[in-house]
Every structure is written in C-alpha cells, then in structure tokens.
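To keep things clear, I will list the structure first and then write my remarks on it.
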Number of protein chains: 2
Amino acid sequence: MSLRATNVSHGKLVNLWVVFETIRLHGPLSRSDIARLTTLSKPSVSSLVDELDGLGLIREGALRTGGVGKPSTPLDLNPEGAFTLGLHLDYGRATVVLTDLIGGVRHREVWALDTSDQLRTLRTIARQIKGLLKKGKIDRSRLMGMGLVMPGPFGVAGLSPTRLPGWDGVAVRAALEADLRMPVMLANDGTGAAMAEWRFGVAKGHENFVYVFIGNGIGTGLVVNGRLVGGEDGNAGEIAHVVVRPEGHECICGKHGCLETYISLDSALHHFRRNGVILSSMEEFERCVGPGDTLVEEWLAEAIGPLRLGINLIENLFNPEAIYLGGDFPSWLLDLFMARILPLPISVNSSHSQQTRLRRAALGQDAAAIGAAALAVAASLNPDYLQRVQARPEYEV
Amino acid sequence: MSLRATNVSHGKLVNLWVVFETIRLHGPLSRSDIARLTTLSKPSVSSLVDELDGLGLIREGALRTGGVGKPSTPLDLNPEGAFTLGLHLDYGRATVVLTDLIGGVRHREVWALDTSDQLRTLRTIARQIKGLLKKGKIDRSRLMGMGLVMPGPFGVAGLSPTRLPGWDGVAVRAALEADLRMPVMLANDGTGAAMAEWRFGVAKGHENFVYVFIGNGIGTGLVVNGRLVGGEDGNAGEIAHVVVRPEGHECICGKHGCLETYISLDSALHHFRRNGVILSSMEEFERCVGPGDTLVEEWLAEAIGPLRLGINLIENLFNPEAIYLGGDFPSWLLDLFMARILPLPISVNSSHSQQTRLRRAALGQDAAAIGAAALAVAASLNPDYLQRVQARPEYEV
DNA sequence: AAAATTTGTAAGTCGCTTTAACAAATACGC
DNA sequence: GCGTATTTGTTAAAGCGACTTACAAATTTT
C-alpha cells in the first residue's frame, strides 16, 4: 500500500522539490515568479530558496531590471551543485557518464567488456569508476549517487535478460552499492533514456509520455501521471515481446512475431546473416552499413509495419502527450524510421498533430546513461520518488 | 504541470484520506491499529478519526476485548455516511445505481433508451434520476455526487465513440451537472469497472492492475502507481483498436484486425449475422445463445487467440499485479474465456502464478455503474484525485 | 519629484503533527 | 486474588513550517 501519511516536515521536502523543479523547468525565475507558479506565498518561497541556496543547488543571477518595480533576482540551477554517475550496461559494453545538475556531461567513458563474465564485469566497472573519481574532476562530497540501467526484463525465466545473457538474478545493484559505497538506483535502459529526455531533453514538463528505445533489443520508458512506471517487478514497458505478427518470425521467447524480431539491432544482424553478411555488434553495423544498402532497405521494409503497430498500440493504451523515438541506433537509421513510418495509423491520439504524436529524441546515444544519472538526483531530492521503478528480484552474485 | 505545493491544511486532507482508506482496506481497526499502519501518531489519528466521525463517514463498533491491555474500539466505514449515483450509459441502455459508502447498491434501475437521440436521452436520464431521488430512499444531504461512465474513446474523429454513435463531442458531463445540480465525474466504462473492483471488489489494495472490460466493445481500466490512468485526453486503455491480426477482419476504424473485431458483443453478432442469425442486442444474445452452441464455439475459437495476445501485451507493457476479466458479457461466456485462454503465453509476468496473472472480476454486470459511483466518492474525498481521468474535449449539446 | 508598481523581507499568527505524560481497562504471574 | 505488565486512547504543551500583514527598497511612470 502506498498510502503514506504526511506531516509538516514531509510537506516541506515536497515544497523544496516543487521549488527546485519549478526553477529547473521554467528558470531563470525570481522568487516572486516562483510564488506565482506554485501558489506558495512569497515568504515561503524565500525561505525554501534560502534552503536550496544553502545546499548549493541553485544560484542567483545578475539583477534583472527593465520592468516596473524593484528589479528581481533571477534564480537558476547551479550546475556545480550536485554530480551523479550514470552507468549504461549493455551487451559487451558499458557507458559511464559523470553529469552535473543540469545534465551536462562532465566526463564520459565507454568500455568494451566481456559481459558474459558477470563477476569480472562488475569488478572492472567498480574499479574503473573509482579510478575515474580519483582523477578528482569533481568535488567528491557533491556526488549524490549513481544510476544504473541495463536491458530488461528482470527476473523472468525464459525471457530475461534477452539481450544480456547470464545476468538474470545477479545482484548488480547491491554489489555496486557495496563496492562503491554510494546509493545505486537500477532500472531498464528504456526508463533511463526516458528519464534523460524528461529532465534534460525535449520531453521536459510532460505528464504522460513514452520513450521507445531501439538498441540491441527494443524497450520503452514510461511516464504516467507525472511519474515513472515500473510495474509490479520493475518490468513495465517491455514491448520487445509484444506480438505484432502472429505468424511471424520465431522469437527466442518461444512465441512468434515479437516486435523485437523486427525492430532491433539483433533483428537487423539476423537479416544480414541470412543473406551471408556476418556482423556481430553495433559498432560493426555502424561501420559497414549505410542508408542506401539493399539489405538495410529490405530489413527496413519488413520492420516498418511492426514498428507502426507498436506505436499504434502505445498510443491507444497510454494516450500520451507524445512518443519519443531514440536509442542506440545510428542517427540516420532513426531518421529513416521517422520518415517511413508516416502517416501514423488512426488511434486515440489522432486528434493530435502528426508532429506531436511521434518525435525524435534529442539526446544522442548516451541518453540512457545520462538518464541513469538523473535517477540518482530524483531519488535523493524527490520525497515521493517511486522506488518501484527498480527491478525487484535480485540474488547474491 | 502537476507540481503542486502543499501546506498544513492540504496535508491534513491527505491524512484524512489516508485514515479513511486505511479503515476501508483493513477495517475494522482501532485507533492504535491505524497509527501503526500509517505511521501517524496516536493523537493525530484520534483527531482525524474524530473528524471523520463528525462527517458521519465512520462508526465505532462494540468494544473488543480478549487481548492484553485496554480493550480497543473498532472503527469501520459507515455505509450510511455518504451516497453517490453511478450511471453507466451504453448503446440503447442506461444503468443507474445508488450506492452507499461501502459500495452497497441501495437502488438500481435499468432503462432502455433510444441513444441515437442524445438530447432526449440526456433529458430522460436527468428526469428519471430526479424522480429516483424524490422517492426519498436516502438523506439527500448525504448525496456526494454522480459518476458517469460510457464507452470511449472521447473526441477522436473517425474512431469515437465507436459503440455509441453520435455522442462525440456531446457535453454530457456539463449537461447533467447543470440539470442535476451536483458534481458529475466522467470516465470510460473500463475505468468504471476497474474502480468498482478496486474499491469494493477483488482488486482491493492493488497499486498496479488492469481491468479488461468486454461488452458491446472492449476496453480497459488502468491503475498505475496507485492511481487511475486517463492519459492526455482521458482515452488511455483503449485496447479496442489495437491490431492483433494484421491481415484480419476489417474494422470500422479503417484498420484491419483490431482486437474489438474479435472480442466484443459486436464481433459475436457479426459472426452470427454472417451465418444467417440476426441478433441485435446483449439481451437478445443472452436470451438466445448458450454455452454449447456451434456458432458460439466457432466465434470463441477465433476470439481466444486475439484475447490471449491482448492479455500478453497488457502484461508486458504494464507488468501489473493482476489482470481482471469482466464486463457486460454473460457470466458463462467470461468463464469460457477464462478456461480456454490458459496457459498464458510467456511475458514479464511469467514469474507470477497463472491464477495470479489473470482473474475473474467478482462484481457482476453492474460493475461499471458501481465504479462510476465510486468515482464521485474519490473525487470529493481524495485531495489528490486525478481529474485527468475525465474526458476532455466536450462541446455544448 | 511624486506616485505607482513590484520585489523581497520581517514579525507574528495559525493549523496540524508530534512528544511526553497519564488515566483507564484488561490479561498475566505468582 | 492482587500487584504488575500491557495496551488503548486522551490531554497538554511543544515544534514546525506556511500563511497573513506590514513594510522597506528599487525601479518605472506620470
């Protein structure tokens, strides 16, 4: 049961978060602006602003004159106010970003890893992160924690993790938390990418949206009623194994015609392999394949129908403000999807404009890692942050 | 933006709701029990309980002795504390219930209506309801309002309302609110049914679940993160036009293979008509058709695959605690669905047991109306009730 | 230069939860 | 059977943060 009583102290934390978010979304703002936007009184805003200032999370700009009345002091987030780590773990690869409070990437590393050895991978990651921090790029006392995202689903025999073999039931979160001695949040990669666009990208301010993440596999990140959605086990948004072609390709899950067998790097590699071209990673794919290739066109022709159905069912079930398309795929390929998928079939969102319904994600291939970092901010500042986004069943490594 | 600041008075309303809900879900409870369950202090609980008592919403039971210590006073909801009206408007028919605070149906009426005449229908409904109230079955001052549910989607040209022709853009809510002079909440029928099971039925206490509502058409009601989901326009959960057979039946929406063309009364009637049997309403269907009929079996054989896909995609996208199957369909037919659909295909919910994943709704065919009534309770008591469940685009009648 | 407007602060009030202390009523131990 | 432990629920006072009211300060408008 999520029914939690409240009291004055909790209320204050809520208001602190409200002021913080208001500045983030609409800043720079004066204290009076904030009072108007939040319905808090001016004295209350002043006091909360003082507190945020004391924490170093916001900063004052130069006095702004021009209008009638006393000049106002614009307030904005202080990028240096807090730092978080974001880790995107994927097949054979880990991306780590160190971000500031406004999503600026202060440091970035990508490691090639043998992810089939889980223990070794975890040790390497922990060691590398410690090294990264020792280089002293940031004030260590301002490091709030780390977010970790990886392909889901979590804890489902026969289904997971379909894109990261052998990682089912590995207590990634606990292991890293213990080793790095900082809070670690865990979610799937789609949720990470959604979080990034939600806080720092084009999905700012949305109450309801869906991020479709295309990478090795395909997944989504969900925001409903202004909150991230994890579902009962942290596995919500798992669109990969939704059937779009009942008589279609056989899937590793045992069903036929799952979306992932049409739209994913894996499905592309399969198509290439069936035609005698052996490619085995995203890097190789990017290096060897381009927009005009016949094999790409063939694969795309087969993939666009299923993707259209996927978009359609997301619209009908979530009736979101918008759907964002992004992920690990090369940019030109996402662009092709965007172009070929139009016109969108009729749905509950048909009263919105085509441009509104489906949009390109703005952040690049690091989105998932950046969003992971953002998870750690939300977890430590938002008193109502939903833990349930995290995956549940974890066992000892 | 849903970022709303809080203060002590709002906090009190939250806590009042928390205490109310705690009693509803776990009652009968002593004041001390409530304090333990909510983390509120004992004096706070006492004060909030006094307030709820003053409102007449709860009542004390007989002193409960037996354990160590002073005997406790069990508290429970007072059924007579508040009444609400629930209206389920559907093709050719309106069901109205007058319910008490614990979902007990104090009065029920079903009217056959010519719903193709919207103005007339609205007038009739308003008149009948006024008459119903005049009969003086309840203390009028304790009537909190009305909930209205009807088939969606709302405000989508070419798609809605697929099961209630001519009602698109009709300002039902405003019209009834003005005529009856009480607050009226509006949502789709799936949401109504979900609400009924959530508050009074087998879905009590869930944070995440989906109700699949099968009637003239097919829809769902969604609860995510402990809140109803409406989406941007109040149209979330519109599963009817999700494509499950890309090469399948043509649908009135212009697409092919929509779920509704396989599982809905409408699809059954179509199948019968193609085979020379003309039926035109749910009543007729119930009267003329039974479990063993060949035509039913044929239709069922074709319907069960699509339904299985529908359940599968709901599981994968929402990862709910459970899915409930119910609606306007005759009970024996829902039972057949429940039996034939097993085993459920693999999904993110496969780690749950089959019995947990899909369950029969407990409330009968009045569920949608009862849930509509429950909407009015939540709207007036829960300070964080999500208005967005309501349909948005409404125009004057 | 006076008036109007707007920003932001200071002082005190208000509402609600909390802590601390305690009275009342029961079961339990001897 | 009586004192003790336990639990319930209330009373009184403290604490906390938002609110209202009043006002000083800095600018534009007239």
Side-chain angles (χ1 to χ4, degrees), chain A residues 3-20 22-23 26-55 58-76 383, chain B residues 3-20 22-23 26-55 58-76 383:
Chain A
L3 279 173
R4 275 185 319 205
T6 184
N7 58 29
V8 275
S9 311
H10 177 253
K12 182 188 177 172
L13 294 178
V14 170
N15 289 346
L16 213 55
W17 174 247
V18 167
V19 170
F20 180 83
T22 304
I23 296 174
H26 306 289
L29 294 174
S30 72
R31 290 167 174 80
S32 291
D33 290 335
I34 300 171
R36 275 186 293 267
L37 283 167
T38 58
T39 72
L40 283 163
S41 66
K42 286 193 291 178
S44 303
V45 170
S46 278
S47 136
L48 293 164
V49 159
D50 285 350
E51 186 131 352
L52 287 172
D53 195 36
L55 292 168
I58 59 173
R59 61 181 182 188
E60 300 194 338
L63 240 56
R64 201 163 41 178
T65 179
V68 185
K70 184 178 173 181
S72 60
T73 315
L75 302 166
D76 221 334
Chain B
L3 280 171
R4 275 186 318 205
T6 184
N7 56 32
V8 276
S9 310
H10 177 253
K12 183 193 175 171
L13 294 178
V14 171
N15 288 347
L16 212 56
W17 174 248
V18 167
V19 170
F20 179 82
T22 304
I23 295 174
H26 307 290
L29 295 173
S30 72
R31 290 167 174 78
S32 292
D33 290 335
I34 299 171
R36 274 186 294 267
L37 284 167
T38 57
T39 72
L40 283 163
S41 67
K42 286 192 293 178
S44 302
V45 171
S46 279
S47 135
L48 293 164
V49 159
D50 285 350
E51 184 129 354
L52 287 173
D53 195 37
L55 291 169
I58 59 173
R59 59 179 182 189
E60 300 194 337
L63 241 55
R64 199 162 43 179
T65 180
V68 184
K70 184 179 172 181
S72 60
T73 315
L75 302 166
D76 221 335

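To find a chain, count down the sequence lines: A is the first, B the second, and so on, and within it residues start at 1. Everything numeric in this text was worked out from a predicted model, so none of it was measured.
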Look up atom CG in D50(A) and atom CZ in R31(A), then write down how far apart they are to the nearest 0.5 Å. 6.0 Å

To the nearest angstrom, how far is L29(A) atom CG from dG8(C) atom P? 11 Å

Is the side chain of D76(A) donor-acceptor paired with the backbone N or O of R59(A) at a distance under 3.5 Å, no angle test? no

Sequence neighbours excluded, the answer for salt bridge (Lys or Arg N to Asp or Glu O under 4.0 Å) partners of R36(B) is D33(B)

Between dT10(D) and R31(B), is there an OP1 or OP2 to side-chain N/O distance shorter than 4.0 Å? yes

For the pair made of NE2 in H10(B) and P in dA18(D), what is the distance, rounded to whole Å? 14 Å

OP1 or OP2 of dT7(C) sitting under 4.0 Å from any side-chain N/O of S72(A)? no

Sequence neighbours left out, what passes side-chain hydrogen bond (donor to acceptor under 3.5 Å, both in side chains) with S47(A)? Give chain and number order. none

Heavy atoms under 4.0 Å is the rule here; annotate nucleotides 22-30 of chain D 5' to 3' with B where the base is hit, S where only the sugar-phosphate is, and - elsewhere. ---BBBS--

Go through the structure and list residues passing side-chain contact (heavy atoms from CB on, under 4.5 Å) with L55(B), not counting sequence neighbours. L57(B)

Going by the rule side-chain hydrogen bond (donor to acceptor under 3.5 Å, both in side chains), which residues pair with K12(A) if we only count those two or more places apart in sequence or in a different chain? E51(A)

Heavy-atom pair of closest approach, residues R4(B) and P383(B): NH2-O, 3.9 Å

I'd like a table of atom pairs between the protein and nucleotides 13-17 of chain C - only N or O on both sides, under 3.5 Å - with the distance next to each one.
residue, atom, partner, partner atom, Å
dT17(C), OP1, N15(B), ND2, 2.9

When rounded to the nearest 0.5 angstrom, what is the spacing between CG in L29(B) and CD1 in I58(B)? 10.5 Å

Side-chain N or O of R36(B) versus OP1/OP2 of dT8(D): is the shortest distance under 4.0 Å? yes

